[in-house]
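First comes the structure, then the notes that go with it.
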Protein chains: 2
Amino acid sequence: MASPRRAAPVPRVRLNRERVIAAAIVIADAGGLEALTMRRLGDDLNVEAMSIYNHVANKDDLINGMADAIFGEIELPSHSDDWKSAIRKRSISFREVLARHPWATTVRDSGTNPGPATLRHHDRVIGTFRNGGFSVEKTAHAFSAVDSYIYGFAMQEKSLPFTTPEETAAMAAIMLAQLPRGEYPYLAELTADHVLTPGYFYGDEFLVGLDLVLDGLETMLETDQRRGSQPPHSRAATRPSAHAVTLNRRVSPDETVHS
Amino acid sequence: MASPRRAAPVPRVRLNRERVIAAAIVIADAGGLEALTMRRLGDDLNVEAMSIYNHVANKDDLINGMADAIFGEIELPSHSDDWKSAIRKRSISFREVLARHPWATTVRDSGTNPGPATLRHHDRVIGTFRNGGFSVEKTAHAFSAVDSYIYGFAMQEKSLPFTTPEETAAMAAIMLAQLPRGEYPYLAELTADHVLTPGYFYGDEFLVGLDLVLDGLETMLETDQRRGSQPPHSRAATRPSAHAVTLNRRVSPDETVHS
DNA sequence: AACCAAAAACTTACGGTGTATGTTTATCTT
DNA sequence: AAGATAAACATACACCGTAAGTTTTTGGTT
């Protein structure tokens, strides 16, 4: 268009890792990880499949990048809140993110080589517990308990064959009708008297279980503070203020509090 | 061999659904679901890949069958225990089963069309809560909280790049060394002062979180029994003894207690 | 403005996947 | 012993990730 002597320049829109990952997430959100193929991704980016490999080492690397991008979407625990409400907010955000990207629950590799967003997120969560008065060991307990619950809930929510309350009622009615008569009475009761109740929505369970866990952690913390009953091999200080990491060089935990 | 006039009879060992599913589980246990291909499964069964389709509708059906077989391995909650120890035992068993078959955590379809072992298991768990004094609604809370935790824990455990304490220490040391210096101080602290502690084993976290959830449920139950503060849309009786399911025909929950 | 290396696109090709379809063989009933 | 049925085998297809080779575009230097 601009140059009349040559054929149309056809301004090829250039690819980069971010655009690739973003497009891949759109595909996976819509059709799950199994819908994400390099050829399909190439189509969406107006590019041949192989061109993607200029920006991504392989499909695993791509999925890893997607997982890290997802972690970047989670609201970090706020420094101005107490540990409980900070963790509560980020947990709610975490669950929303996992509900938005259901495929993310099945990505295994986030533990093997986590990306920067993942590392930052974990560091902040751990820091929130430490600054809230948790010992290193109790921080590990808390971190494990909370995140196990969130991941598991997201997985269960994802595996349900319905989303909206209307779908739920319709699906539950069908499943109830298909249930062998009298063989699973408690399951039938729960379905009939709870799931089929107007306004039932499985997602509402999330906060119930989350608060169960958080209250339990609070109790654990208070017990710890009243009497200093630390298990034997915990060498860490309870308060992190002046604590130093046993690294090559000594590092104050507060060093990167302002990200 | 036996008949000299005809060629060797070659007694083809016949296939059936159980043998197919069992062999598939062996493959998936060893190499994950991605190692499970129809051709590989056929090899293991001394059969062509396509012959498997005489016993299984398609690969999804196969995986579904595998998942149901896994549920059959979980120890059912005992009727002779109180709800808390019954659920505790079956939860520990559940986790062991998921650790033995890590691929099972990612099987989505178990919610969509559950097999008989899955249904029986769920019915028993729900029944245990109901007989323990949980209302229908609180049973839903308890079921969701406990299983979310178990699933999530199994997923986290699976995604760790190490299994044994030795592997853990070695891996943690490497990851710690690779961590950008000072950028993730809390993560580094947790790794150095907890994960690298002799005898650390992530699996030990399971009971901590499980008891946190179970204690929380007990508190929830006691609160409920002291004052009858039921949320508005719960129509179920708190005690299930003489309760009947709102089905076409009335069914006593005790009807199938002896499986 | 002309050149040229480097980056990023495209093209082709290969082995592996699930499974539709058609054929052959084994087994069961009579 | 024979015919029917079930379950095996064989072939083929479309799609997958990606290795290897080729062409085009881009950006920096003259």
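Numbered from 1 within each chain, the chains take letters A, B, ... in sequence-line order. Hydrogens, waters and symmetry mates are skipped; everything else that's a heavy atom, side chains included, is used.
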- Message: Between A:Ser159 (side chain only) and A:Gln156 (backbone N and O only), is there a donor and an acceptor less than 3.5 Å apart?
- Response: yes

- Task: Run the numbers on A:Asn64 and A:Asn113 for side-chain contact (heavy atoms from CB on, under 4.5 Å), then give the verdict.
- Result: CA-CA 8 Å; A:Asn64 237 358; A:Asn113 46 322; 3.1 Å; yes

- Message: So does A:Glu167 get a backbone contact from the side chain of A:Thr164, meaning a donor-acceptor N/O pair under 3.5 Å?
- Response: yes

- Are the ring centres of A:Phe162 and A:Phe201 closer than 6.0 Å? no

- Query: Does A:His55 put a side-chain nitrogen or oxygen below 4.0 Å from OP1 or OP2 of C:dA9?
  - Reply: yes

- Task: Would you kindly say whether B:Arg90 and B:His121 are connected by a side-chain donor-acceptor distance under 3.5 Å?
- Result: yes

- Query: Do A:Tyr149 side-chain atoms and A:Phe206 backbone N/O form a donor-acceptor pair below 3.5 Å?
  - Reply: yes

- Determine: side-chain N/O of B:Ser51 to OP1/OP2 of D:dA7, distance under 4.0 Å, yes or no. no

- What is the nucleic acid contact for B:Leu62, judged by heavy atoms within less than 4.0 Å: base, sugar-phosphate only, or nothing? nothing

- Message: Whether the side chain of B:Ser148 engages the backbone of B:Ala145 through a donor-acceptor N/O pair (distance < 3.5 Å, no angle test) should be reported.
- Response: no

- May I have the distance from B:Glu34 (atom CD) to C:dG18 (atom C1'), rounded to whole angstrom? 16 Å

- Item | Validation row, ring centre A:Tyr184 to ring centre B:His122 under 6.0 Å | no

- For A:Arg14 and C:dA9, what is the distance between atoms CZ and P respectively, to the nearest whole Å? 7 Å

- Heavy atom of residues 37-49 of chain A under 4.0 Å from DNA chain C: which residues? A:Arg39, A:Val47, A:Glu48

I'd like a table of atom pairs between the protein and nucleotides 20-22 of chain C - only N or O on both sides, under 3.5 Å - with the distance next to each one.
none

- Query: Hey, which of A:Asp29, A:Ile25, A:Ile27 is the one that makes side-chain contact (heavy atoms from CB on, under 4.5 Å) with A:Leu36?
  - Reply: A:Ile27

- Query: B:Asp60 CG to C:dT19 C1': how many Å, rounded?
  - Reply: 12 Å

- Item | Nearest-Å distance for atom pair CG/P, residues B:Asn16 and D:dA6 | 16 Å

- Message: Please tell me if B:Asn54 has a side-chain N or O lying less than 4.0 Å from either OP1 or OP2 of D:dA8.
- Response: yes

